[in-house]
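Everything on this sheet refers to the single structure shown next.
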There are 2 protein chains.
Amino acid sequence: MSIRTAESIFDALIARIVAGDMRPGEPLVEQALAEQFGVSRTPVREALHRLEQAGLAERGLRRAFFVRKMKAEDLAELFEAAGEVESVLAALAAHRMSEIERHTLSAILSEGDACGDDPRAYGEINTRFHETIKTGAHNAILAATLDDLNLRTQAWRVANFQENQRRLATSRAEHRSIAEAILARDADEARRRMCSHVASSYIVAADLLARRNL
Amino acid sequence: MSIRTAESIFDALIARIVAGDMRPGEPLVEQALAEQFGVSRTPVREALHRLEQAGLAERGLRRAFFVRKMKAEDLAELFEAAGEVESVLAALAAHRMSEIERHTLSAILSEGDACGDDPRAYGEINTRFHETIKTGAHNAILAATLDDLNLRTQAWRVANFQENQRRLATSRAEHRSIAEAILARDADEARRRMCSHVASSYIVAADLLARRNL
DNA sequence: TTGACCATTTATGTATACATATGCAAGATG
DNA sequence: CATCTTGCATATGTATACATAAATGGTCAA
């Protein structure tokens, strides 16, 4: 590990948590992780502090770190927060997207229609859809804020299309209605539809939480 | 230094930056700060990383830290972001505030009318006004998001009432109109008025930036 | 004179030893 | 028997030495 060890450890831990390899409540001990990664405690320590800042880790007894646990109410608040921020971005995008960005958005919609029922392919298109809106709002700080929040929702979103085939069709319809509002420059409608879209994806996540907490 | 040195150094640095004691672009060198605070580099290092995360510090050549510089566009984006988030909170508060919270909000309005033209007194009431709305939205994550953004706007807000007496009267009127919308449970109107309120406070900050960058 | 190269300087990055806080359990004491 | 104390175990917190990257300036050769 020659350069930027702390950074790579941070990324590695995020990947594990988001992928579900580390379950909520699992302890994150500096010494243990250091041995596992073959480095000293120092870079691990930095990575853990950043994880805490990002809201993926939490501290408990004796200031010990562990993977953040979510109660049902916390998850609802988190999705509401992410949803409201993304709704703001959708509203701004309705006013501000360039012609090129509008065409990109249309193209992504068509791809979504064409890709069939493959959850992986659709997941990738879904990501590009949201990215395009985020960029189209032309506010880097709001975009970064949404990224921060989504880092936390991501662990619950992954199951969205994998576990529920019906969700895919619903999502496609919602995307189309959001895009229509944006392309019509109807900011209020874009905001409302995006908000409802995120809310409906929350249902799936809440379901997942309920099963994990059994 | 017995307990939580890094934390106090972080707070101390924030205070200095927000108060304007450290100007944008000023270097933040681990060794120098360590000697100044009478500790080793380690806790200073942690504080600087947190400052970077919070968006108050930046890194340049040789990964050296310095107090973040703001261009005019950056400041506009920042205030837009903070304004949009606080507008969301105002809209949520319009639906969700309890009766007690509504009465608190009214009381704060009256205090604002009664306090005369003392900028310090009004500044404190101003803070409580925004705090009450933030709490009334009943979403801790959005509230924390707003706090993060306001950490950065704060350095530019402080001058708001000190440098411009007229701003105080304007602010009072805007607060009243926001509160009226919230108390009438008119979420859309509350959102719009809060958004415009933050925008008008941006004008003063932009003015300050222009003079500092001379 | 100019250009390339290397040493120096100066900052952060990492490893490691030691300090400190704290929950827990065992034992002393009323 | 209950409670308070105290020592221990285990985690993070801090100090410090050493490693490393990169800009800078100086020297030597073409």
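Excluded from the calculations below are hydrogen atoms, water molecules and symmetry mates; all remaining heavy atoms, backbone and side chain alike, are included. Chain letters run A, B, ... following the sequence lines, proteins first and then strands; every chain starts at 1.
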Next item on the list: Would you kindly give the CZ-to-P distance between A:Phe66 and D:dA11, to the nearest whole Å?
Entry: 14 Å
Margin query: The side chain of B:His49 is closest to which nucleotide in this list: C:dG13, C:dT12, C:dT14?
Written below: C:dG13
Note to self: Less than 6.0 angstrom separating the ring centers of A:His138 and A:His95, yes or no?
What the structure shows: no
Checklist line | Residue closer to the 5' end of DNA chain D, A:Arg59 versus B:Pro43 (nearest nucleotide) | finding: A:Arg59
Next item on the list: Measure the distance from CD on A:Glu35 to C1' on C:dA15 and round it to the nearest whole Å.
Entry: 14 Å
Note to self: Whether the side chain of A:Arg63 and the base of C:dG23 hold a donor-acceptor pair under 3.5 Å is what I'd like checked.
What the structure shows: no
Checklist line | First of A:Leu61 and A:Glu7 reached from the 5' end of DNA chain C, by closest nucleotide | finding: A:Glu7
Notebook entry, point to check: Of all the nucleotides listed (D:dG13, C:dT16, D:dA15), which has the minimum atom distance to the side chain of A:Glu30?
Noted result: D:dG13
Note to self: Looking at C:dT16, I'd like to know if its phosphate oxygens (OP1 or OP2) sit under 4.0 Å from a side-chain N or O belonging to A:Arg41.
What the structure shows: no
Next item on the list: Using the six-membered ring wherever Trp is involved, compare the ring planes of A:His197 and A:His175 and label them parallel, tilted or perpendicular (cut-offs 30° and 60°).
Entry: perpendicular
Next item on the list: Could you tell me the separation between the CD atom of A:Glu46 and the P atom of D:dT14, rounded to a whole number of Å?
Entry: 15 Å
Notebook entry, point to check: Across the strands shown, which category fits A:Leu48 at heavy-atom distances under 4.0 angstrom: base, sugar-phosphate, nothing?
Noted result: nothing
Check: So, is A:Ser40 near the phosphate of C:dT14, with a side-chain N or O under 4.0 Å from OP1 or OP2?
Finding: no
Check: Between D:dA11, D:dA15, C:dT14, which nucleotide gets closest to the side-chain atoms of B:Thr42?
Finding: D:dA15
Checklist line | Atom pair distance, as rounded to whole Å: CG in B:Leu51 and C1' in C:dT12 | finding: 16 Å
Next item on the list: If the plane angle is over 60° it's perpendicular, under 30° parallel, otherwise tilted; pick one for A:His49 and A:Phe65.
Entry: perpendicular
Item checked: Whole angstrom value for the distance that separates P of C:dA15 from CD of A:Gln31 -> 12 Å
Notebook entry, point to check: Any ion pair linking A:Glu80 and B:Arg96 (charged N to carboxylate O, less than 4.0 Å)?
Noted result: yes
Check: Rounded to the Å, how far apart are A:Leu33 CG and C:dA15 P?
Finding: 14 Å
Margin query: Among C:dT12, D:dT14, C:dT14, which nucleotide has an atom closest to any side-chain atom of B:Thr5?
Written below: D:dT14
Margin query: Need one value for B:Arg45: base, sugar-phosphate or nothing, where a base atom within 4.0 Å counts as base even if backbone is also close, heavy atoms only.
Written below: base
Notebook entry, point to check: Do A:Glu124 and A:Arg120 sit within salt-bridge range, that is, some charged N less than 4.0 Å from a carboxylate O?
Noted result: no
